[in-house]
There are 2 protein chains.
Amino acid sequence: MEHRSKVLVVEDDAGIRQSLFQTLNALGFVIGEAGNGEDALVRLRMVDYDAVLLDINMPGMGGIETCRKMSQQYPGLPIIMLTVLDEEDDKVEALDAGADDFVTKPFQIRELTARLRAAIRRSKAVVVAPNELIVIGDVTLDRVRHRVQKLEVEIHLTPKEFDLLSYLMEHAGRPAPYQRLLTTLWGPEYGNEREYLRVLVNQLRKKMEDDPARPTYILTESHIGYRFRES
Amino acid sequence: MEHRSKVLVVEDDAGIRQSLFQTLNALGFVIGEAGNGEDALVRLRMVDYDAVLLDINMPGMGGIETCRKMSQQYPGLPIIMLTVLDEEDDKVEALDAGADDFVTKPFQIRELTARLRAAIRRSKAVVVAPNELIVIGDVTLDRVRHRVQKLEVEIHLTPKEFDLLSYLMEHAGRPAPYQRLLTTLWGPEYGNEREYLRVLVNQLRKKMEDDPARPTYILTESHIGYRFRES
DNA sequence: GAATTCCTTACGAAATCTTTATGATGAACG
DNA sequence: CGTTCATCATAAAGATTTCGTAAGGAATTC
């Protein structure tokens with residue numbers, strides 16, 4: 001079930017590469033390795049990676065140049081660069097070359113994975129947006145046919161309920177503030193009518209949550225709004 | 001390889017200035033000197049310094065006033081003030097005037113350079129990574145998803161708690177004065193209600209510190225405010 | 001006109017925020 | 001060296017806001 005993200009590690013130091021391989025592999029990532037930029041580009045042509053971990057200091061085609069080529073050839077591919085402390089100027093260049101984020105060596109593996117996951121999540125989110133089909137967990141929302149299914153079973157929603165769910169699922173993972181929900185659902189002049197929202201959420205939960213009192217899909221962010229759980 | 005940082009030392013006492021010059025120069029900094037505030041501002045126009053070391057007690061335009069002018073004219077320029085022991089009010093004023101950090105005289109050169117380097121690193125990092133993910137130690141704060149994790153496990157925070165942590169982590173390493181925290185969290189009319197802040201900090205510590213009585217993340221700067229530890 | 005959808009109100013429960021009180025800590029002072 | 005005073009930490013109670021839920025009526029659709 002759980003989709004293991006594929007990450008390409010590009011690093012000339014075989015020791016670091018090895019250690020990254022072991023650690024990330026143990027954490028559930030599928031790792032590909034490359035010792036230089038050219039090699040990395042070849043591997044990208046063969047395998048569909050979810051992200052690239054790229055050392056900025058490499059002999060031959062350097063990290064910056066590799067980064068530029070990658071982001072040209074594979075726009076949207078998350079690239080995280082490994083930089084050394086106090087070489088902040090490199091980062092500006094790297095950003096320009098299309099890097100998404102940085103981790104400075106020596107790094108904590110926790111920070112690395114956190115940024116890696118965040119970058120992958122972001123890249124996926126972009127794909128979802130123009131898509132007419134959103135699938136999260138057991139729930140499938142078809143924006144074209146205006147239909148919602150949970151575990152292959154159709155759930156009948158009223159138009160307002162559908163719009164709410166649609167908005168929440170599109171922004172799954174991040175809280176949707178009351179105000180935004182109200183204005184997108186009812187119009188700009190409605191901004192304070194939270195009661196409407198409460199009632200609507202309640203109806204929606206009754207239709208799609210196993211236990212409306214203990215929701216697992218539509219979660220409430222107290223004082224802020226609501227958010228759909230992510231994947 | 002290592003880019004030597006340029007630091008402007010502003011200090012009226014020629015002896016201290018001289019000694020700072022020698023020490024910092026030996027440690028790899030490129031030093032510019034100014035004997036008063038006016039002179040310092042002139043030099044800033046000519047050279048692109050990475051940081052300023054500014055004595056708070058100076059004849060003519062005092063350190064505070066100089067600091068205010070500098071941070072207005074060069075926002076983002078790290079300013080570290082040299083204060084004398086037990087002049088807490090000066091420190092608050094200095095922070096308010098735009099200083100990043102301070103070192104109390106008499107100081108250890110080690111502490112001075114540590115703060116100096118930290119301030120420079122921070123200033124560069126801000127330009128480079130306007131990131132929604134802040135990772136410090138075991139704590140990860142995601143501003144987009146409005147979530148905080150410590151060691152991969154989620155910590156539930158109320159909105160106020162989140163805002164406080166968010167501000168502290170964003171400014172990690174430098175002291176956040178009461179006043180600023182109060183006005184950013186409660187609004188401009190709140191400036192003296194330190195009790196609120198104390199209680200809020202206490203709640204936050206209970207949720208994220210291993211031992212709230214001996215905090216390692218949210219440190220208190222006596223008479224000044226609070227400071228999130230850096231990396 | 002029957003069914004569906006939507007709007008509106010109401011109220012107990014829960015979460016969050018504010019306020020007060022008390023003990024601990026540490027610096028200032030005689 | 002003990003006292004005084006201010007700040008800080010902490011707990012706990014009280015006030016306020018927000019949430020969930022049911023229910024009734026208006027508007028709309030079929």
Under-4.0 Å salt bridge between [X] and [Y]:
X	Y	result
B:E221	B:R227	yes
B:D101	B:K91	no
A:K150	A:D138	no
A:K160	A:D163	no
A:E193	A:R198	no
A:E170	A:R143	yes
B:R180	B:D96	yes

- Message: Whether A:H156 contacts C:dA3 is assessed here as follows: a side-chain N or O lying under 4.0 Å from the phosphate OP1 or OP2. Is that the case?
- Response: no

- Does A:W186 make a side-chain N or O approach to OP1 or OP2 of C:dC6 shorter than 4.0 Å? no

- Message: For a quick check of understanding: with a heavy-atom distance under 4.0 Å over all strands, which category does B:V199 fall into, base, sugar-phosphate or nothing?
- Response: base

Provide, to the nearest angstrom, the distance between the [atom1] atom belonging to [X] and the [atom2] atom belonging to [N].
X	N	atom1	atom2	answer
B:E189	C:dT18	CD	P	12 Å
B:E193	C:dT18	CD	C1'	11 Å
A:L200	C:dC6	CG	C1'	9 Å
B:L204	C:dT16	CG	P	13 Å
B:E209	D:dA9	CD	P	11 Å
B:K206	C:dT16	NZ	P	14 Å
A:R194	D:dT21	CZ	P	18 Å
B:N202	C:dT18	CG	P	15 Å

- Item | Residues touching DNA chain C, which here means a heavy atom under 4.0 Å, drawn from residues 212-227 of chain A | A:S222, A:H223

- Under a 4.0 Å heavy-atom cutoff, the residues of residues 157-165 of chain A touching DNA chain D are none

Please tabulate, one pair per line, all N/O donor-acceptor pairs under 3.5 Å involving side-chain atoms of residues 57-78 of chain B, not counting sequence neighbours.
| from | atom 1 | to | atom 2 | distance (Å) |
| --- | --- | --- | --- | --- |
| B:T66 | OG1 | B:M61 | O | 3.4 |
| B:T66 | OG1 | B:G62 | O | 2.6 |
| B:S71 | OG | B:A97 | O | 3.3 |

- Relative to the 5' end of DNA chain D, which residue comes earlier, A:Q203 or A:R198, by the nucleotide with the nearest heavy atom? A:R198

- Measure centre to centre between the rings of B:H171 and B:F228, then say whether the value is under 6.0 Å. no

